Number of protein chains: 2
Amino acid sequence: MPVILVVDDEEDIRQILSYNLKKEGYHVIEASQGDEALYQINRKKPDLILLDVMMPGMDGIEVCEVLKSNPDNSSILICFLTSRSEDYSQIAGLDAGADDYITKPIKPKVLISRVNALLRRREDSVVEMKLTRGIEINREKYIVEKDGNKIRLPRKEFELLALLASRPDCVFKREIILEKVWGNDVIVGDRTIDVHIRKLRTKVGENHIKTVKGVGYKFISNQ
Amino acid sequence: MPVILVVDDEEDIRQILSYNLKKEGYHVIEASQGDEALYQINRKKPDLILLDVMMPGMDGIEVCEVLKSNPDNSSILICFLTSRSEDYSQIAGLDAGADDYITKPIKPKVLISRVNALLRRREDSVVEMKLTRGIEINREKYIVEKDGNKIRLPRKEFELLALLASRPDCVFKREIILEKVWGNDVIVGDRTIDVHIRKLRTKVGENHIKTVKGVGYKFISNQ
DNA sequence: AAGAAATCATTAAATTTTTATGAAAGTTTA
DNA sequence: TAAACTTTCATAAAAATTTAATGATTTCTT
């Protein structure tokens, strides 16, 4: 289940949001201030952040900027919480980093449908993906481009790469990889993953996939 | 989901358009100048382009002309963005290449309904389709022309070709093919698809339809 | 720090899956 | 009913996937 971080200085609001999200089955963590939010993000990378714009101290926009300055966090969705009174121009201006915004007062139904939509959309938006140093994955075309050259990958290899690349710099445990790429019911030996990783490395580049011994593999975005 | 390219030199406008389109679920890419737009089009062929007429450097009309000079791009829809002040004669003049236009200031609701309408209309208008290297599909006549020669295809073969060609280079999974060409209720074996593909290949050309093992087939546009 | 244990890397070979193809058997259409 | 169209079947071919075997590396123990 996706992890959602709720950031708002008012405890009442945090509770209402948190309650409703949990009821939907999401794993919710909270922060009451900007810096606390950044701390939480570091500790447990959320899938989505509901971020209040107006907060004492570091406001939502600053948090967003700091957050997005780290490419590790590029896949985190951000949804601002704004008061209706804050004018649209401002919201449009800060839109750069955000994926959506919800105006207060927040109705539970609106909240849930927006959150669901955002997370659902994220799944689909992995159709095309630009990765560092000219690696591009296109799900529709089932093609990976490296420095402009098209690389044709067999299905399993493609799925594996797409999975790893869906969250760059995050480690995927072997069990997770098996579950996502091979399916829960299929039983294959552990060496199978290695072999596929091997093939990917020769095709996509040796230093794009890093192994984390005892855990799994990750796709390296930068450097 | 369809891909929409937003071309406008003002960042604010790009953002507002982008935001609203994304909210609808479209995949949006942006360009701030004419040549950047052409670059983007080359990189990822969009379904629709929202194209500002007045831009410094290469203006919208030029972009449109360059675009349309390449038959590969004939299926891309173009919607101009114009100021109310720009006189209609000019707009009428450039109408040739464009499918629609929206006058600024742009209201989100108008934007969305126009965009939806355009894309919906396109679905139906796959009546005739020019494809690379002189392959042309005419839905009304159930006829395919290759290098000027008319090829008469049986219904199923035609539907299959039309489906694959509707999104060149995109893979159609076997299940999707079955659903679209044969219908959800009809039960036919997987070999049936192969056989039809083979017949198409012998008639239309071996290297126009490519198989993606384990996934499905795709129509190759170029080369 | 040395040795043992666990975990990965790598290659080649074996196996399985998936598709191509020709021919034939049904089906529909004119 | 013949002709055209669809579908199935059987077999060949190709490609993808998995296993197995061996070497390398890291981690853990003592």
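Please read these numbers as outputs of a predicted model, since none were measured by experiment.
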Practice problem: Can you label the angle between the A:Trp182 ring and the A:His196 ring as parallel, tilted or perpendicular, going by 30° and 60°? | Solution: perpendicular

For the residue pair A:Phe158 and A:Tyr142, does the interplanar ring angle fall in the parallel (under 30°), tilted (30 to 60°) or perpendicular (over 60°) class? parallel

Per nearest nucleotide of DNA chain C, the residue lying toward the 5' end, B:Asp190 or A:Arg174, is A:Arg174

Residue mapping more 5' on DNA chain C - nearest nucleotide basis, B:Arg201 or A:Thr202:
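Upstream on the strand: A:Thr202.
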
Touch check for [X], heavy atoms < 4.0 angstrom, all strands: base, sugar-phosphate only, or nothing?
{"X": "A:Tyr217", "value": "sugar-phosphate"}
{"X": "A:Lys213", "value": "base"}
{"X": "A:Val186", "value": "nothing"}

| message | Could you check whether B:Arg43 pairs with A:Glu136 (Lys NZ or Arg NE/NH1/NH2 to Asp/Glu carboxylate O, under 4.0 Å)? | response | yes

Taking for A:Val195 and for B:Val195 the nucleotide of DNA chain D with the nearest heavy atom, the one nearer the 5' end belongs to B:Val195

Between [atom2] on [N] and [atom1] on [X], what's the gap in Å once rounded to a whole number?
{"X": "B:Arg155", "N": "C:dT28", "atom1": "CZ", "atom2": "C1'", "result": "10 Å"}
{"X": "B:Arg198", "N": "D:dA12", "atom1": "CZ", "atom2": "C1'", "result": "13 Å"}
{"X": "A:Lys156", "N": "C:dT17", "atom1": "NZ", "atom2": "C1'", "result": "10 Å"}
{"X": "A:Ile187", "N": "D:dT17", "atom1": "CD1", "atom2": "C1'", "result": "16 Å"}
{"X": "B:Glu206", "N": "D:dA14", "atom1": "CD", "atom2": "P", "result": "14 Å"}
{"X": "B:Arg191", "N": "D:dA12", "atom1": "CZ", "atom2": "C1'", "result": "13 Å"}
{"X": "A:Leu178", "N": "D:dT18", "atom1": "CG", "atom2": "P", "result": "10 Å"}
{"X": "B:Ile197", "N": "C:dT18", "atom1": "CD1", "atom2": "P", "result": "17 Å"}

Quiz prompt | Side-chain donor/acceptor of B:Glu179 to backbone N/O of B:Glu175, under 3.5 Å | solution = no

Nucleotide nearest [X] (side chain, heavy atoms from C-beta), chosen from [options]:
{"X": "B:Thr192", "options": "D:dT6, D:dT18, D:dT7", "answer": "D:dT7"}
{"X": "A:Val188", "options": "C:dC8, D:dT8, D:dT18", "answer": "D:dT18"}
{"X": "A:Lys199", "options": "D:dT18, C:dT18, C:dC8", "answer": "D:dT18"}

Practice problem: Report yes if a side-chain nitrogen or oxygen of B:Trp182 is closer than 4.0 Å to either non-bridging phosphate oxygen (OP1 or OP2) of D:dT7; otherwise report no. | Solution: yes

Q. Do the side-chain N or O atoms of A:His196 get closer than 4.0 angstrom to the phosphate oxygens (OP1, OP2) of D:dA16?
A. no

Once salt bridge (charged side-chain N to carboxylate O under 4.0 Å, His left out) is applied, do any residues pair with A:Glu206, and if so which ones, sequence neighbours excluded?
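By the salt bridge (charged side-chain N to carboxylate O under 4.0 Å, His left out) rule, A:Glu206 matches A:Arg198.
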
